[in-house]
Every structure is written in structure tokens, then in C-alpha cells.
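Scroll down for the structure; my scribbles are underneath it.
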Amino acid sequence: KYRKGEHAVRTGDSFRDVGFVVRGLFRIYSVDRKGTERIKAFRAERDFVAPYAEILRGEPARSDIEALEESEVVWVSFDILDGLAKKSIYWSSVLREQAE
């Protein structure tokens, strides 16, 4: 559970989990060297939320993920989802959609 303004992920975090937003709204953003925020995406109920590209590359998060309202997320290890995708066309398509 996250309060409004609370971060689920911070830039530089090592993260291997993918979240499913049960309730609430998140923004994924980065801050450049000049301090300018750039919003990359919003994630709402029934969306996945994660630093997905960085997980795939094995890198630390390059974005922050912040709750814009009271929110709840179910976190699942990427390795579990990846294993499901290797065995199931359904999960393979779900993860492909997320990547796109």
C-alpha cells in the first residue's frame, strides 16, 4: 500500500519485481541534470508498473515511480512472470504488451 506522494521505486534502485496496480494511480518520471521532471507514463488500476526495461537489462532503475493517490499494488518477481511466459502463450503476450 502506498500513500499519495510515496515512491514505490526510486532512480538507482535495483528492482526485479513487477507490480499490478489493484487500486490507485502512479506516475513514472525522471529528472534531468537541470532538475526538470519528465513524465514517461501513468499507470492506473489493472496496469502493470515497474522499471521494466531496466529489469530486462539487469540495470538499476532510471526512473522514479510515485503514487499520485492512495494506491495498492501486488508485486510479483519478474523471474516468476518470465517463467510463466515461457510456458504460456497468454503470459507471453501479457509481458510482450507490457514491454511495448
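Residues: numbered from 1 along the sequence shown.
- In terms of the side-chain contact (heavy atoms from CB on, under 4.5 Å) criterion, residue partners of A50 (sequence neighbours excluded) are, by chain and number, V18, I55.
- Cluster annotation: V21 and F42 are assigned to distinct hydrophobic clusters (Ile/Leu/Val/Met/Phe/Trp/Tyr, side-chain heavy-atom contacts under 4.5 Å, transitive).
- For A44, the side-chain contact (heavy atoms from CB on, under 4.5 Å) criterion is met by L25, D47, not counting sequence neighbours.
- Residues passing the side-chain hydrogen bond (donor to acceptor under 3.5 Å, both in side chains) test with K86, sequence neighbours excluded: D82.
- No path of Ile, Leu, Val, Met, Phe, Trp and Tyr side chains, each step under 4.5 Å between heavy atoms, connects I65 with V22, placing them in separate hydrophobic clusters.
- Between K40 and S30, the closest side-chain pair of non-hydrogen atoms falls below 4.5 Å.
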Enumerate donor-acceptor pairs with a distance under 3.5 Å from any side-chain N or O in residues 8-15 to protein atoms, sequence neighbours excluded.
from	atom 1	to	atom 2	distance (Å)
R10	NH2	H7	ND1	3.3
T11	OG1	D64	OD1	2.9
D13	OD2	R10	N	2.8

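- A heavy-atom distance below 4.5 Å is found between the side chains of D79 and R16.
- Annotation: side-chain hydrogen bond (donor to acceptor under 3.5 Å, both in side chains) contacts of K1 (sequence neighbours excluded): none.
- With sequence neighbours excluded, the residues forming a salt bridge (Lys or Arg N to Asp or Glu O under 4.0 Å) with R38 are D32, listed by chain and number.
- Formation of a donor-acceptor pair under 3.5 Å by the S93 side chain with backbone atoms of Y90 is found in this model.
- Expressed to the nearest 0.5 Å, how far OH of Y29 lies from OG of S63 amounts to 9.5 Å.
- Residues L56 and V49 do not share a hydrophobic cluster, defined by chaining ILVMFWY side chains whose heavy atoms lie under 4.5 Å apart.
- Partners of I89 under the side-chain contact (heavy atoms from CB on, under 4.5 Å) rule, at least two apart in sequence or in another chain, do not exist in this structure.
- Under the side-chain hydrogen bond (donor to acceptor under 3.5 Å, both in side chains) criterion, E59 pairs with R57, not counting sequence neighbours.
- By the salt bridge (Lys or Arg N to Asp or Glu O under 4.0 Å) test, R27 pairs with E37, E66, sequence neighbours left out.
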Side chain to side chain contact (heavy atoms under 4.5 Å, CB included) between I28 and I39, intermediate numbers included: CA-CA 6 Å; I28 302 171; I39 296 174; over 6 Å; no
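- Residues meeting the side-chain hydrogen bond (donor to acceptor under 3.5 Å, both in side chains) test with W91, sequence neighbours left out: none.
- Residues that satisfy the side-chain contact (heavy atoms from CB on, under 4.5 Å) test with R3, not counting sequence neighbours, are E6, E70.
- Residues that satisfy the ring pair (Phe, Tyr, Trp, His ring centres under 6.0 Å) test with F20, not counting sequence neighbours, are F48.
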